[in-house]
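Read through the structure below, which is laid out as structure tokens, and then see the notes.
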2 protein chains.
Amino acid sequence: MDRPADDLNARARIRDAAMKLFTERGIEGASIRDIAAEAGVSSGLVRHHFGSKQALREACDHYAKERMLQIGEELVFQGGAAHTNVTTMHPIMLPLQTYLIRSMMDGSETATALFLEMVDAGEEFTKTLGTAPSDRRAYAAVLAAMKMGVFVLRDQVSKAIGEDIASPSGYARLTQAALDIFTIPMLTPEQLEQLRKYSEEH
Amino acid sequence: MDRPADDLNARARIRDAAMKLFTERGIEGASIRDIAAEAGVSSGLVRHHFGSKQALREACDHYAKERMLQIGEELVFQGGAAHTNVTTMHPIMLPLQTYLIRSMMDGSETATALFLEMVDAGEEFTKTLGTAPSDRRAYAAVLAAMKMGVFVLRDQVSKAIGEDIASPSGYARLTQAALDIFTIPMLTPEQLEQLRKYSEEH
DNA sequence: CGCTTGACTATACGATCGTGTAGTAGTTTG
DNA sequence: CAAACTACTACACGATCGTATAGTCAAGCG
């Protein structure tokens, strides 16, 4: 059961269409008429259900955030906190994440709030790490941004690896690559020392 | 010397204003009239110099790409390939990167081409690593996307750590955090094994 | 039955969009 | 000096935007 039961009515279809087009074309780039057409309804019905474009957007924000938290809880229940915090990549989340980033870039408070909650959770997670980063807050913030960033550039990453990252095969490569990045030290201690010296000089 | 010499004329001011507003509001969200006002010229002059909004955008794409490559070369010359490939974060690049990502998300071929070049360079870099990732291509693609992602969510990361990541202090925390993420293994070998088993089951 | 209510469509409104055209001031060029 | 060119502004055009209004249709209910 992927969605709530009574979620196939016109209101839900409009919301889904809005999230799709907002993601693909940006908030300003997706018109209410286009969204209505995508949902198979008149543009007047969009206004009837949501009042304004801004209100429609906020409804999408709240829905996406709720679904993200809901799916996140399910994943922690299934796979444990370590798995969830390290990868936090699940195919179901993909459209939600891409939408939320688009909305965040255009100044959504709801989406930004969700991001900050993710940073909070990530900061807690750092306490379970063997070697602690010196700046937990910055570590968690950058990590969260990096994980989201992969999905911002979904099309570009897909093009780079030659297959859609939403496909089972592409997603597997994506997950493994992220795991490699997060678990294999990128520099030898010597390189790290050299880099540290360089930083001090500049 | 930060910029070419004759770069203060109206044409350059329009281009800079366009990059600023495209970044802040998205391509569709920034009108030619707004861009002209930001540059302190008439909207007709924008058309005179660039012909159309699409052509203006492509001019911005090319300029941003050129500057990125130029700055990248300077950084390699100054600090060496290891430093450049691991962090690839320089304050000067920030506005260029944020613009290019915006443009990439709205389907810019030039920006996508630059991303693919970054992936190519990153893939070469993986050959200098001690422990090789199994899938170099995916590794480089995900790494490039992650590094870009931090700048997509610039405002959100800044909010999370309590200071602007463009400030010297915030930028230093950002760089150190990225370095920690890339050099400190996030999981113990035991956790990694557990995660591997979990993945096989699902 | 008549009446209300909610889902839905059709159509019209100002505003703003990208674009096109005409024209001016200043410099260059033959 | 006149012609040509360049940088620039002013203004008008259709199209499309978000929004508003009026009306249709079916279901529920006294």
Side-chain angles (χ1 to χ4, degrees), chain A residues 3-63 99 102-103 105-110, chain B residues 3-63 99 102-103 105-110:
Chain A
R3 289 167 173 272
D6 59 333
D7 204 24
L8 297 166
N9 53 26
R11 193 176 199 279
R13 286 209 315 279
I14 292 170
R15 194 226 306 120
D16 288 353
M19 289 178 60
K20 177 172 181 245
L21 295 192
F22 282 156
T23 303
E24 289 177 3
R25 310 179 190 176
I27 309 293
E28 298 272 352
S31 72
I32 289 186
R33 286 171 176 83
D34 289 342
I35 292 169
E38 176 80 20
V41 299
S42 72
S43 64
L45 189 61
V46 177
R47 175 172 166 79
H48 172 71
H49 278 302
F50 295 95
S52 69
K53 189 177 185 180
Q54 177 62 22
L56 170 59
R57 196 187 146 186
E58 287 169 9
C60 291
D61 287 348
H62 281 99
Y63 175 78
Y99 167 74
R102 267 284 194 183
S103 191
M105 290 176 71
D106 286 330
S108 161
E109 293 185 9
T110 301
Chain B
R3 288 166 173 272
D6 59 334
D7 205 22
L8 298 164
N9 53 26
R11 193 175 199 277
R13 285 209 317 278
I14 292 170
R15 194 225 307 119
D16 287 353
M19 289 178 61
K20 178 173 180 239
L21 295 191
F22 282 155
T23 302
E24 288 177 4
R25 309 179 191 177
I27 309 293
E28 298 271 353
S31 72
I32 289 185
R33 285 170 177 83
D34 289 343
I35 292 168
E38 175 80 20
V41 299
S42 72
S43 64
L45 190 60
V46 177
R47 176 173 165 78
H48 172 71
H49 277 302
F50 295 95
S52 70
K53 189 177 186 180
Q54 177 62 21
L56 169 60
R57 197 188 146 187
E58 286 169 9
C60 291
D61 287 348
H62 281 99
Y63 175 78
Y99 166 74
R102 267 286 193 182
S103 191
M105 290 176 72
D106 285 329
S108 160
E109 292 185 10
T110 301

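Proteins get letters first, then strands, A, B, ... in listed order; numbering begins at 1 in each.
At the phosphate of C:dC8, neither OP1 nor OP2 sits under 4.0 Å from any side-chain N or O atom of A:His48.
Between A:Asn9 atom CG and C:dG6 atom C1' there is a gap of 13 Å when expressed in whole angstrom units. Nucleotide C:dC8 holds its C1' atom 8 Å from the NE2 atom of A:His49, rounded to whole Å. We find that CG of A:Leu45 is positioned 16 Å from C1' of C:dT11, with the value rounded to whole Å. Going from atom CD of B:Glu28 over to atom P of C:dG18 covers 8 Å, rounded to whole Å.
No donor-acceptor pair closer than 3.5 Å links the side chain of A:Arg47 to the backbone N or O of A:Ile32. Looking at A:Arg33, its side chain never comes within 3.5 Å of a backbone N or O of A:Ser43 through a donor-acceptor pair. Checked by atom type and distance alone, the side chain of B:Arg25 never pairs as donor or acceptor with a backbone atom of B:Ala30 at under 3.5 Å.
The shortest heavy-atom contact between B:Ile35 and B:Ile14 is CG2-O, 3.8 Å.
B:Ala55 comes within contact range of no nucleotide atom at all, as no heavy-atom separation falls under 4.0 Å. Residue B:Ala36 is out of contact with every strand shown, counting any heavy-atom pair closer than 4.0 Å.
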Identify all pairs in which a protein N or O lies below 3.5 Å from an N or O of nucleotides 19-21 of chain C, and state each distance.
residue: C:dT19; atom: OP2; partner: B:Lys53; partner atom: N; Å: 2.9
residue: C:dG20; atom: OP2; partner: B:Arg47; partner atom: NH1; Å: 2.5
residue: C:dG20; atom: OP2; partner: B:Arg47; partner atom: NH2; Å: 2.6

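For the salt bridge (Lys or Arg N to Asp or Glu O under 4.0 Å) test, no residue two or more places apart in sequence or in another chain qualifies with A:Glu58.
In this structure, A:Asp16 and A:Arg13 have side chains that are not in contact, with every pair of non-hydrogen atoms separated by 4.5 Å or more.
Under the 4.0 Å criterion applied to side-chain N and carboxylate O atoms, B:Asp106 and A:Arg102 are assigned as salt-bridge partners.
In summary, contact between chain A and DNA chain D, defined as any nucleotide atom under 4.0 Å from a heavy atom of the protein, begins and ends at D:dC17 to D:dT21 in the 5' to 3' direction.
Because its NZ or CZ atom is both nearer than 6.0 Å to the ring centre of A:Phe50 and within 45° of the ring axis, A:Arg11 counts as a cation-pi partner of that residue.
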